[in-house]
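So the structure is just underneath, and the comments pick up after that.
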Amino acid sequence: MDIAIVGATGVVGREALGLLEAGFLPDLGRVVPVASAGSAGRDLGEEFGLTLKVEPVVALERFDPSTVDVAVFSAGAPISTAWAPRFAAAGALVVDNSSAFRMEDDIPLVVPEVNPHTLRARPPRGIVANPNCSTIQLVRALHPLREIGEIERVIVASYQSASGGGLRGLGELADTTRSLLDGADPARDTPGKFGQPLAFNLIPEIGMRDDEGHTHEERKLRREPRKIMEMPGLRVAATAVRVAVVNGHSEAVHVEFADEVSAADALAALRAAPNLRAYGDDEGYPMPRFVCASPTERRLVHVGRVRSDPDDPRALWLWVVADNLTVGAALNALEIVQLAGEMSWL
Ligand SMILES: NC(=O)c1ccc[n+]([C@@H]2O[C@H](COP(=O)([O-])OP(=O)(O)OC[C@H]3O[C@@H](n4cnc5c(N)ncnc54)[C@H](OP(=O)(O)O)[C@@H]3O)[C@@H](O)[C@H]2O)c1
């Protein structure tokens with residue numbers, strides 16, 4: 001399989017190359033990194049210390065998409081909107097990490113552990129959407145709980161890391177933290193990438209607010225799980241918060257069921273789920289720094305603090321942590337490619 005990684009120089013693109021380096025797609029042929037014209041010719045194999053054979057970076061507008069089987073897009077929604085249909089028309093299966101196509105009816109929105117059946121046939125437009133990073137870990141934790149009862153409502157507060165803002169987000173957290181520690185005046189902080197200063201802070205607003213006061217990220221957390229879990233009536237309320245964490249998103253999730261449920265049954269259902277680590281009370285709890293520091297743990301969704309709501313026997317609380325670059329982006333995208341590869345249509 002020949003693959004193009006569009007946005008290969010960014011944090012998600014680099015993660016995808018790292019997974020390919022680790023042998024994630026065994027039948028790999030050419031690996032072509034694609035980025036802006038300013039990155040053309042860069043040797044990412046050398047820069048990222050890869051042994052994988054990676055071709056020099058090609059500028060997007062100079063790349064011929066008919067030369068690859070698959071293209072994973074991680075270069076932002078405007079780039080996907082303009083270029084993904086052209087790649088698909090040239091015959092490449094596009095897996096898109098941006099928000100450009102996620103809610104379109106004829107574009108499957110896929111989390112392989114949750115709705116793999118949506119890829120039984122080739123998607124009509126040749127494009128598969130990868131959900132938002134915070135959605136992926138949420139639905140991966142909710143899906144196994146459907147074994148213990150009918151989920152009626154979800155209330156989630158997300159704690160999202162700086163890497164969710166790409167290379168610029170990471171750079172800004174590092175620079176502003178350093179300058180405050182070096183004695184810079186906090187009153188002179190500039191808003192930067194996240195709209196507010198992030199160092200030693202948290203920002204309860206990710207993306208533009210709508211007329212009712214909900215942010216873009218909160219709308220994604222409401223709409224995307226409904227589509228993926230095929231539960232159009234699922235009630236979801238979200239508060240999305242950017243926190244001064246380098247990498248790894250966390251979520252406090254309140255799940256309401258139609259009938260009484262037990263935390264023990266929930267834990268058992270979570271333990272049986274693939275690619276998920278569930279923590280009993282005596283096994284501690286997941287934290288983003290530690291989850292993201294381990295090459296094996298960062299490929300899993302971690303669920304801890306599973307407990308009953310003391311005022312509602314039909315409800316549970318969960319604490320869900322995952323690496324947003326891996327589970328929330330590159331790994332899910334490559335799992336989609338792997339799943340497509342197992343189908344006769346690719
Ligand atoms: N970060 C996350 O946790 C996360 C999670 C899920 C989904 N996503 C989505 O993944 C995408 C990439 O995010 P990121 O965090 O990796 O961003 P990033 O670190 O800022 O990287 C952006 C990438 O896009 C490329 N790019 C920018 N303008 C381009 C152009 N005109 N033509 C071709 N390539 C261009 C950049 O190439 P140059 O280096 O040449 O500029 C770079 O490779 C976004 O759509 C984001 O919403 C991100």
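All ligand and atom numbering here is 1-based and tracks the order in the structure.
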Smallest heavy-atom separation, Leu346 atom then Ala340 atom, equals CB-O, 3.5 Å
Those residues with a heavy-atom separation under 4.0 Å from ligand 1 are Gly7, Ala8, Thr9, Gly10, Val11, Val12, Ala35, Ser36, Ser39, Leu60, Ser74, Ala75, Gly76, Ile79, Asn97, Ser98, Cys133, Ser163, Gly164, Gly166, Leu167, Asn324, Leu325, Gly328, Ala329
### Message
Does either side chain, that of Gln160 or that of Asn324, offer a donor lying less than 3.5 Å from an acceptor on the other one?
### Response
no
His302 and Tyr279: side chain donor to acceptor below 3.5 Å: yes
Under a 3.5 Å threshold, yes or no: a donor from one side chain and an acceptor from the other, between Glu217 and Ser158?
no
In short, side-chain hydrogen bond (donor to acceptor under 3.5 Å, both in side chains) pairs touching residues 50-59 with sequence neighbours left out are Glu21-Thr51, Arg30-Glu55
**Item:** Under 3.5 Å side-chain donor-acceptor pair for Arg140 and His143
**Value:** no
